[in-house]
**Q** 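One structure, as structure tokens, below. Some questions next.
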Amino acid sequence: MKTGIMGGTFDPIHYGHLLAAEEARRNLGIDRLIFVPTGDPPFKRDITPAEDRYAMTLLATAGVLEYSVSRIEIDRKEPTHTVDTLRAFIKSGINPEDLYFITGLDAMLSITQWFDYEKIPELCTLVTARRPGYPVSGIENLPKFVRDKLKYIEIPQFAISSTEIRERARDGRGIRFLVPHLVQIYIESNSLYKKI
């Protein structure tokens, strides 16, 4: 059974994340896709509490049989690293050849800064999204052993970012149709991203 792991801060999760996940699932024949919200990411600060990001991810994926959400990084007491998460999924019985790690192009281009990144291509196939007709620049600078384990999926141009959504929510400009409806309600009900 092919398993996709989609990691991210999901602050908040939005339709761009869901579209990339679904395209990866369909194009690569992935049987199940597990969203893994980061717990304490070493490179990001000033993020929404993990429990809120986890709840939004659950709401966004509810009702999709092939999708689930894991607390593996949230429940880890020390800073989270992708290599540790992949090892934990392998330890649970997933074969490395059936494991796909899906992340955005910006994150993929920074993989050489990740803890123990040299081990990651041994543990999974790496997957990143690109927009049709747009060249992927920067990938050529990654080590060959990373590029050799990298697959691309093409997703329609979808100009949504979590940063923009946070700013719109903070400024009261509305986020309807940028995030799933239940995520919008959660953000508004909990006054996430509002100026303090």
**Q** Does R168 have any side-chain hydrogen bond (donor to acceptor under 3.5 Å, both in side chains) partners at least two apart in sequence or in another chain, and if so, which?
**A** none
**Q** Would you mind reporting whether F35 and I13 have side-chain heavy atoms less than 4.5 Å apart?
**A** yes
**Q** Going by side chain to side chain contact (heavy atoms under 4.5 Å, CB included), name the residues that satisfy it together with T112, two or more places apart in sequence or in a different chain.
**A** Y117, L142, P143
**Q** I want to check something: taking the side chain as every heavy atom from C-beta on, are E66 and I30 in contact at a cut-off of under 4.5 Å?
**A** no
**Q** Minimum heavy-atom separation for H17 to S162, with atom names?
**A** CE1-OG, 3.5 Å
**Q** For E23, enumerate each residue passing the side chain to side chain contact (heavy atoms under 4.5 Å, CB included) test, keeping only those at least two apart in sequence or located in another chain.
**A** L19, N27, I153, I155
**Q** Quick check: closest heavy atoms across S137 and L109, and the distance to 0.1 Å?
**A** O-CD1, 3.8 Å
**Q** E51: what forms a side-chain hydrogen bond (donor to acceptor under 3.5 Å, both in side chains) with it, not counting sequence neighbours?
**A** R71
**Q** Could you grab the distance from atom CZ of F10 to atom CD1 of I47, nearest 0.5 Å is fine?
**A** 12.0 Å
**Q** If you measure from OG1 on T48 to CG on D11, what distance do you get to the nearest 0.5 Å?
**A** 3.5 Å
**Q** Show every donor-acceptor pair shorter than 3.5 Å between a side-chain atom in residues 86-103 and any protein atom, with sequence neighbours excluded, or say none if there are none.
**A**
| unit_1 | atom_1 | unit_2 | atom_2 | d |
| --- | --- | --- | --- | --- |
| S92 | OG | F89 | O | 2.6 |

**Q** How many angstroms lie between atom CG of D116 and atom NE2 of H81, to the nearest 0.5 angstrom?
**A** 9.0 Å
**Q** Heavy-atom distance under 4.5 Å between the side chains of P121 and D148, does that happen here?
**A** no
**Q** Could you tell me if the side chain of P12 sits less than 4.5 Å from the side chain of I175, heavy atoms only?
**A** no
**Q** Taking only residues two or more places apart in sequence or in another chain, which ones pass salt bridge (Lys or Arg N to Asp or Glu O under 4.0 Å) with E73?
**A** none
**Q** Do P79 and F115 touch side chain to side chain, with heavy atoms closer than 4.5 Å?
**A** no
**Q** Find out whether L105 and I139 are in side-chain contact, i.e. whether some heavy atom of one side chain is under 4.5 Å from a heavy atom of the other.
**A** yes
**Q** Can you name the side-chain hydrogen bond (donor to acceptor under 3.5 Å, both in side chains) partners of T128, sequence neighbours left out?
**A** none
**Q** State the CD-OG1 distance between E78 and T80, to the nearest 0.5 angstrom.
**A** 9.0 Å
**Q** Identify all side-chain donor-acceptor contacts of residues 54-64 below 3.5 Å with residues at least two apart in sequence or on another chain.
**A**
| unit_1 | atom_1 | unit_2 | atom_2 | d |
| --- | --- | --- | --- | --- |
| T57 | OG1 | R53 | O | 2.8 |
| T61 | OG1 | T57 | O | 2.9 |
| T61 | OG1 | L58 | O | 3.4 |

**Q** Could you pull out all residues at least two apart from R176 that satisfy salt bridge (Lys or Arg N to Asp or Glu O under 4.0 Å)?
**A** none
**Q** Restricting to side chain to side chain contact (heavy atoms under 4.5 Å, CB included), what partner residues turn up for T163, sequence neighbours left out?
**A** S161, R166, E167
**Q** Go through the structure and list residues passing side chain to side chain contact (heavy atoms under 4.5 Å, CB included) with E122, not counting sequence neighbours.
**A** K119
**Q** Quick check: closest heavy atoms across A20 and M6, and the distance to 0.1 Å?
**A** CB-CE, 4.1 Å
**Q** Looking only at heavy atoms, which two atoms of P37 and V69 are closest? And how far apart?
**A** CD-CG1, 3.9 Å
**Q** Please report the closest heavy-atom contact between P180 and H14, naming both atoms and the distance.
**A** CD-CA, 4.5 Å
**Q** Can a donor-acceptor pair be found, under 3.5 Å and without considering hydrogens, that links the side chain of D31 to the backbone of M1?
**A** no
**Q** How long is the gap from NZ on K149 to CZ on R147, to the nearest 0.5 Å?
**A** 15.0 Å
**Q** State, yes or no, whether a side-chain contact exists between V179 and Q184 at a heavy-atom distance under 4.5 Å.
**A** yes
**Q** Could you give the distance from CD1 (I5) to CZ (R32), rounded to the nearest 0.5 Å?
**A** 7.5 Å
**Q** Quick one: side-chain hydrogen bond (donor to acceptor under 3.5 Å, both in side chains) partners of K77, sequence neighbours excluded?
**A** none
**Q** Would you check if the side chain of S110 reaches a backbone N or O of A107 as a donor-acceptor pair within less than 3.5 Å?
**A** yes
